[in-house]
Amino acid sequence: MRPEPSCERARAALSARLDGELDASASRELDRHLEGCPDCRAQERDLRWLRRSLRVQPLEQEVPDLTEAIMARVVPLPTAAKKREVWLPRLRTAAVAAVVAVVVVGASIPFLDRRPATASAAEVVREVRAAAQGLHGYRASFEVDEWGWHPRVPHRSFAADIWFQAPERMRLEIGDLTAYPAGTWPRNEITLVANERTWWLREPATCPTEVLPRCVPARRGVVETRRVVGRQPFDGSTPVPTDVIVPIETFSDAGSIEVLGAGRVLDRDTYRVALSYRHAAPLVASLQSAGTWRPFHPLDRVEVWLDQATWFPLRFEVTAGTSPERNSWEVAVGVDDAPGAILLDVRATRFASAGGSEPGTFVAPETGTTRYGGFVASRGAYPSMSVLPADTAGLSPYRTGSLGRGRTVVAYVRGMTWLKVTLIEERRTWFPAPGTEEVRLGPRSWAYYAPAGPGHGRQATLPGAPRIVAESNLPREDLIEVVRSIGANGERVPSVVRTATATISYLEPKAALRAARFALAPAWLPRGYRATSATLTSAPEARSLTIHYRHPQVEYEGTGIRITQSRPVGYLPPTSEDSIRVRIGSLVARWSFERGELEWVDGSIYRAIAVPSGDLTTALRIAGSLS
Amino acid sequence: MGAAVDEPDPTVVEAARRGDPAAFEELVRAYQPHAWRLCFHLSGDAEVASDITQEAFVRVYRFLPRYRGESKFGTWLFSIVRRCALDELRRSARRKRIADRLRSQPQPLGRASDDAPSGIEVREAVVELPMDLREPVVLIDMLGESYRDVAAVLGVPEGTIKSRVHRARQLLLEMLRADDRERSDEA
């Protein structure tokens, strides 16, 4: 059936837009057509899927090295080894690294000879994502230097080894090479072994007497060993810290990173990228997910060297930031850093996209305190239900099974990229956590979205029976598309709740600001943050509006930024926490370290800004921008 | 990712033109992987791609004295690779081998019947496209080249490339949908 002529035009425009070749007014016209044309909307989805599938082409075999064969045909030479001069040090290929199986991903490396000195931030994000989908195996060694952990141990050094096999097999070994002073210093030796079923961790006991003199360990030099068996696929409570391999969580948002230029590490070309620790936490934390390490301030500066050919981070460095309140933060957490000092330096000494590992690499020992994860895999074909997504973003079925108590898990994977759909049969009404963003999927379908954090990936929930929870390390847009392709509707959570004392309304942030005129909105937020949810509470004595601002992709420091405003309020509620007084314009505010909250009273209006990472500079900047 | 290739030092190209084997070998080392990938995606067959790549570089070596820097070296080299690929693929003997190979390729494991087509099927579908549509979609969508570069290599205007890519995408979607319907009919 031939489509309508307007649809023909629209489809050509869709193709052009996919390539970034459509100007703004044509794009608007296209959107208008799409609003009224489900066929073309379906076409757009299909095109996006097609592009993904074409771009990401993992090769089941190596790219062969035909150089010898070619040279033999072109320049017949005696079979004796020929002396090859080191002619051109600049002209290198990826064959320099000891790569056994080169994984090919649809690349944006042009055969135009001039390689750009830098990539754009958007390119970095895109290519890192693609690299994750094509990664099957990895092996690397790193040297780690850390400064400022403890006044008596100003410098520590470690050797880290990583083995990985997509999607869930990892082995991380960290050896402590530090020469500690006399005393019972815990050696920061860590071994993590994870596979599909089991997760095993050995780390120093969290009671190092030298650092916490009052804690009493059972024995000297004790280590803790923990084990989880029957873990569900991509279990957030037993994480496999893969951002150090391909940093998809760290580089999930182009707005958070700055490409500085090119660099060289291990005689390879790299891109140097800078970002704040607030956004780099997934990468840094992946080597520090166990053991004891020094803390970093959210505004500390992180520089990462990404290999241009594979996008592996070959080096990263954390240096102390210079934000004004860092001094008080240092006192609160017990460190003492000179501004701009290097705090952590991690350098790869060798790496490879490995073809295979020795048997036993990913086999976990059977020791340690054991917890049962409760997952029972089922071996049959994948259930084909309407509650599963029709569009899995190019990911393939991986494992499925049951967690008991009416919970079914269905997981998909491609390289390091994963998607997990959990179906929960449960009678009780589900309420989203504060700060969860309501996303409308269709005329009668809503999803509730939260960004990734330390114990979980990005999540979108469709309330209903069953409740469907999709969790993934796909970017937010792709996850929403996946959830949109689920055949069941997500029921809208009731937006008004009445209790004995108050009425609580969940509103869209703009509507909430209109309803509560005393509330101000910030003109400035950290990069990438935007309003996701608003709660208006009306009680006889006061009205209160709380708005959450979140980063769409990743938050490693808590559940976003929260601004609460209430009236009428006469004075600040008392607090027993440590706090300091801070000026905001002509007003005096209170900053509580532990909560990370800045509070003040402005006339009869109480205003509070909570920045969970305890970063006063950001809180003050937001406060100053309220209007 | 593909081999990231610097602009070759003009003295290297000059030396290779004069017949210096070490200089030519450096050029081969630099460009051969990306060339192989292009051939692989055009032909759908790894062995065929190796044959074509070797043949192409032999031709590059023979024609090198005629390269006078009128275009970028990479563009010049890849237009030769592409010409070789087209020539080889027209030979029916090769085409039959590909068809046999595709028919005998095993089903990927763990697929449910109504699942989205796997990456292998998308690649197979690309090889089914007519060549004038296959080339642009391989270069643009699979190898990530820019419209400008592709227009230079294929020797046609950018607008032509765009419309061919658009038609290729439509055709691929139709082929893959038809495949799905076929499969669910069998199921």
Side-chain angles (χ1 to χ4, degrees), chain A residues 11-12 15-16 19 21 46-47 49-51 53-58 61 63-67 69-71 73-75 77 84-85 87-88 90-95 102 104-115 127 131 269 308-311 381-382 384 390-392 394 396-398, chain B residues 1-9 12 21-26 28-34 36-37 41 46 50 53-54 57-58 61 72-75 77-78 108 110-119 122-123 126 137 140-147 149 162 165-166 169-170 172-173:
Chain A
R11 287 175 194 206
S15 221
D19 297 322
E21 304 264 346
D46 287 352
L47 276 179
W49 167 83
L50 179 65
R51 168 163 249 218
S53 309
L54 287 172
R55 287 288 287 211
V56 181
Q57 294 285 323
Q61 55 247 314
V63 175
D65 183 358
L66 301 167
T67 310
I70 291 169
M71 292 309 292
R73 289 176 64 173
V74 152
V75 182
L77 291 165
R84 190 158 14 116
E85 299 165 45
W87 233 98
L88 308 142
R90 279 195 307 139
L91 207 59
R92 300 252 193 183
T93 69
V102 175
V104 174
V105 171
S108 69
I109 301 293
F111 49 58
L112 238 214
D113 304 292
R114 216 179 19 161
R115 186 192 44 240
E127 298 301 335
D269 287 309
Q308 288 188 12
T310 59
W311 299 95
Y382 258 44
S384 62
D391 169 10
T392 59
S396 306
Y398 168 57
Chain B
M1 293 287 275
V5 186
D6 259 332
E7 161 125 44
D9 191 330
V12 175
F24 182 72
E25 189 176 352
E26 292 296 340
V28 170
R29 229 172 257 293
Y31 285 98
Q32 174 257 310
H34 207 55
W36 185 89
R37 256 176 244 118
H41 286 299
S50 295
T53 306
Q54 290 183 56
F57 275 94
V58 170
Y61 185 84
K72 297 248 177 358
F73 183 79
T75 308
L77 187 145
F78 271 86
R111 286 192 55 242
S113 59
D114 53 351
D115 212 9
S118 70
V122 174
R123 204 169 70 214
V126 169
V137 88
I140 301 275
D141 276 348
M142 294 174 107
L143 269 63
E145 309 298 354
S146 73
Y147 278 100
D149 291 348
K162 283 180 197 171
V165 169
H166 168 59
R169 287 171 182 163
Q170 303 295 340
L172 282 171
L173 286 176

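To find a chain, count down the sequence lines: A is the first, B the second, and so on, and within it residues start at 1. Note that the coordinates shown come from a computational prediction; the quantities given were computed from them, not determined experimentally.
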Trace of the side-chain contact (heavy atoms from CB on, under 4.5 Å) decision for B/F57 with A/M71: CA-CA 9 Å; B/F57 275 94; A/M71 292 309 292; over 6 Å; no
Pairwise distance OH(B/Y31) to OG1(A/T67) - rounded to 0.5 angstrom: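 That separation rounds to 14.0 Å.
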- prompt: Can you tell me how far CG of B/D141 sits from CG of A/D19, rounded to the nearest 0.5 angstrom?
  reply: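 Here the rounded value is 6.5 Å.
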Heavy-atom pair of closest approach, residues [X] and [Y]:
X: B/Q54; Y: A/A69; value: OE1-CB, 3.5 Å
X: A/S15; Y: B/R169; value: OG-NH1, 2.8 Å
X: A/L54; Y: B/L172; value: CD1-CD1, 4.2 Å

query: Are the side chain of B/Q170 and the backbone of A/A12 linked by a donor-acceptor contact shorter than 3.5 Å?
result: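 No, the answer is negative, given that no donor and acceptor are paired below the 3.5 Å cut-off.
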